[in-house]
Asker: 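The structure that follows is given in the form of structure tokens.
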Amino acid sequence: MSSTTPQHEPVAEQPTPDHPASPDSAGSELSAFVGRHIGPRDSDIAAMLETVGYDSLDALVDAAVPQGIRTQTALTLPAADSEPAAIAELREIAAQNTVVTSMIGLGYYGTHTPPVVRRNVLENPAWYTAYTPYQPEISQGRLEALLNFQTVVSDLTGLPTAGASLLDEGTAVAEAMTLMRRASKTAADAVLIVDEHLLPQSASVLATRARSLGIELVTGDLSDPEALAGGRAVFGAVVQYPGADGQIRDWTELAETIHAGGGLVTAAADLLALTLLRSPAEWGADVAVGTTQRLGVPMAFGGPHAGYMSVREGLERTLPGRLVGVSKDEAGAPAYRLALQTREQHIRREKATSNICTSQVLLAVMASMYAVWHGPEGLRRIGEQVHAKARYLHAALTAGGVEVVTTRFFDTLTVRADSAAVLAKALEGGVNLWAVDAEHVLLSTDESITTADLDVVLDAFGVSPVEAPEGSVWEEPFQRTSDYLTHPVFNTHRSETQMLRYIKSLGDKDFALDRGMIPLGSCTMKLNATTEMEAITWPEFAALHPFAPHDQTVGSRRIVEELSQWLAEITGYHSVSLQPNAGSQGEFAGLLAIRSYHLANGDDARTICLIPASAHGTNAASAVMAGLKVVVVKTAPDGGVDMDDLRTKIDKHRDELAAIMVTYPSTHGVYEETISELCELVHEAGGQVYVDGANLNAIMGLARPGDFGGDVSHLNLHKTFCIPHGGGGPGVGPVAVREHLTPHLPNHPLDALAGPESGVGPISAAPYGSAGILPISWAYVRLMGGAGLTRSAEVAVLNANYVATRLREHYPVLYAGETGLVAHECILDLRGLTKETGVTVDDVAKRLIDYGFHAPTMSFPVAGTLMVEPTESEDKGEVDRFIDAMIAIRAEMDDEASRVMLRNAPHTAVELAGEWEHPYDRMSAAFPSGPEAKYWPPVKRIDGAFGDRNLVCSCPPPEAFED
Ligand SMILES: *Cc1c(COP(=O)(O)O)cnc(C)c1O
């Protein structure tokens, strides 16, 4: 497209000094917003091009991106909107949704997000623009919030160790299945028995997962597990507690029976119910899973919300996802960091416990803050009120002669009635109920339901209110007697002033994009514009239940529809599913589509997935989940796929070849010339090509995976398409496919519009996954237009090459293409310098903290290196500041005293003010590049190994922080 579209003479809608208007064709016009999204000004771009040695962006991109894969036409997307116009359009779309009170339940409930949490966490860039806390010294705030989250989950479920969030309840149930399979010593053909009252979407997600792993599920009435299993060994049981029908059942005997046979028991439990209900641990569950949505996180048409998992003693080392633990820093002070599986998929690849990388940190932080704000009495009171509303309905319905099937309940009732008539009547009063079948209505109460709502419901059933009995309807053994949330953090912040300051004090400890550049290779930490974020908290998007009737969700479906079309256009594929709620889940969905396609063709033997050695760790873990066998292809000396090894492996596995999974441009930050040939070789052998699209930022508008040979890709909307990283989630990982794979995309049991009938089943709990944050990516595309997106990619490539060019004489750049150029990121090779000077990548990463930077990606994909991705959003000043810091650190490596300083980094204020015995001065330690942009780390370097040996994963007692 470079020939038809002038790329570097941008045209603004309103003339600005940088974007003078000129009479260009409409398709190539750059909107004013493009100049706000992109960091470098035009004059900077000219200067940077000169440094890199090209006289135009076109020339640079022509040299960097192989001609063979370049698209020749401009992206066909709607012309870019201004910010006010995009917001106006979103308002119109929002108005097409109808918000009514939801009493549908089924895992999604109304809740009041405390305004102090909404404004100061969800709408606060200090929280939403942070990265995953791999650098713990600059992440103590969100690590503390996550530790609070783990403590909430662990206390309420009674199980000692909880992880720092999973993707949703459905996938958490599926993760529990594989955990139980790993932990149980039962025979390989043992089955999983599943409660017939499991939430329907969880049961379907579980079935999708079980099918690809060859695990047999037996679903039914678990009151007689042996009869249900038909004499076969049982490795695990999953129950819903309380059941989807609302009934609370006693699972003590089930747990005893399953344990006696060597199996484990998982409870999918409602945390709010557990404020009043005996904890799963107390009746013998080994694992608890669920969602924390109703702890203050809006339903948002299905997500994002934080799923949870907690386990009994002895299982903590098999937990999927991330786990926060307490350790100590070099000064001996307590400090938090990710425990055990910090980069699990990268280390263990196909042996990883799960493929989860990005999870739901921001939502976990919100849920934890809800618990900090309300405390144990507050949560119990909310639980009691929710229960009292259900009792009120139960009493009136029963007194009115309506049969309530549920006898022992928390918030949910199954009622026998003409469901069509009752639903219609309730809707007239502005309330959604759920039809189980023609004769049964399901309804759930929640924190947000008012007396008026309850009376609408009674009226719909044709009964009158009566006085509800006090107390609860449960017998003794079901009552909760054990304490929870006794830690001071849940018993201190009661006034809003205190709460505000607590949230602020944690946010202040962290380094996020609101302070400076986060130059993370592979993660594209670009601008998350305020305009893009604005719509997500509007009630029209935030208050929708994912199973609300289609005619109430027209606006949200339009967002889904339009964004899918645009992503198909950008990638060159035929269709897109937005259901996967992280990149890893997109990978899983894409590989399932490939597997399902082969099976539909009778190609049962095609189970081998080729994966280059440099691949992101999730690739191998996802392949295993999809029932494929991983065969690794070597890396060539230039960083590309070793084509000879590829040919050998294809020949060897020709008849079993299912797919190759390649990242383009590769994780080495280079555009491989061989990509088209690679695709041809695999296709010729009958395999499918999976192009991991996490690096799409380098080719957006320049090349399309669907055109250069890909059959399927996932994208990361939380990288390329401006959904903020949230400190480690939420994410959206759409999967895009060519036409022949379209019938094999995910679908959903409760929403026929969410995918093809012939699909592989749901891979997320909600029909459209994290639908609530899609307006962010929608707005990004709308504001940038095709020319703006292309410009994004070009400037991203320029910024990376500018970094590579300026740093090359100080640090070797590990890989580059044939023209000496990198793609959108570059790898700085420190291995030689480490050998010479003893200074490690860790030392450099921690010293960068003193300079006021977040470290680049460390030791991925090559140990002993740093990977830098500046993105298009960083301006020249900030990029120069980073480069200058790196050059200064390089000089520090050459001096004995400074090397001590590097090893001792980062420096805390406390340390600098105290006794000083170091061979370097305080000023160089504290202000190596002057007082501007100074960031003060709250702790010194953290001892990860100590924390792993002495695993503590819930809030430590306050005494731990005494001197
Ligand atoms: C980030 C990334 C993934 C995984 O995405 P998540 O959303 O973290 O699951 C996969 N592949 C590549 C190349 C990535 O950079």
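This is a predicted model, so every value here is computed, not measured. Atoms within each ligand, like the ligands themselves, are counted from 1 in listed order.
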Asker: Is any N or O atom of Asn619, backbone or side chain, closer than 3.5 Å to an N or O atom of ligand 1?
Answerer: no

Asker: Measure centre to centre between the rings of Tyr664 and Phe708, then say whether the value is under 6.0 Å.
Answerer: yes

Asker: Please check whether Ser522 reaches ligand 1 - meaning an N/O of the residue sits under 3.5 Å from an N/O of the ligand, judged on distance alone.
Answerer: yes

Asker: May I ask you to identify the nearest protein heavy atom to atom 11 (N) of ligand 1, giving residue, atom name and distance to one decimal place in Å?
Answerer: Asp692 OD2, 2.6 Å

Asker: Run the ring-centre check on His714 versus Phe588 and record whether the distance is less than 6.0 Å.
Answerer: no

Asker: Counting only heavy atoms, tell me which of Asn695, Val732, Thr358, Asn716 gets closest to atom 5 (O) of ligand 1.
Answerer: Asn716

Asker: Measure the distance from atom 10 (C) of ligand 1 to every protein heavy atom, then report the residue, atom name and distance (to 0.1 Å) of the closest one.
Answerer: Glu587 OE2, 3.1 Å

Asker: Assess the pair Phe541 and Phe301: is the distance between their ring centroids shorter than 6.0 Å?
Answerer: no

Asker: Do any heavy atoms of Gln585 fall under 4.0 Å from ligand 1?
Answerer: no

Asker: Look at Glu569 together with Arg704 and state whether they make a salt bridge at an N to O cut-off of under 4.0 Å.
Answerer: yes

Asker: Who pairs with Tyr336 by ring pair (Phe, Tyr, Trp, His ring centres under 6.0 Å), at least two apart in sequence or on another chain?
Answerer: none

Asker: When rounded to the nearest 0.5 angstrom, what distance separates CD in Glu137 from NE2 in His854?
Answerer: 10.0 Å

Asker: Any side-chain donor-acceptor pair under 3.5 Å between Asn581 and Gln360?
Answerer: no

Asker: Looking at atom 1 (C) of ligand 1, what's its closest protein heavy atom, distance included?
Answerer: Lys719 NZ, 1.4 Å

Asker: Closest non-hydrogen protein atom to atom 9 (O) of ligand 1, residue and atom name please, with distance?
Answerer: Ser584 N, 2.8 Å

Asker: Report yes if some N/O of Thr663 lies less than 3.5 Å from some N/O of ligand 1; otherwise report no.
Answerer: no

Asker: Which option, Gly521, Pro665, Ala694, Ser622, owns the non-hydrogen atom nearest atom 12 (C) of ligand 1?
Answerer: Ala694

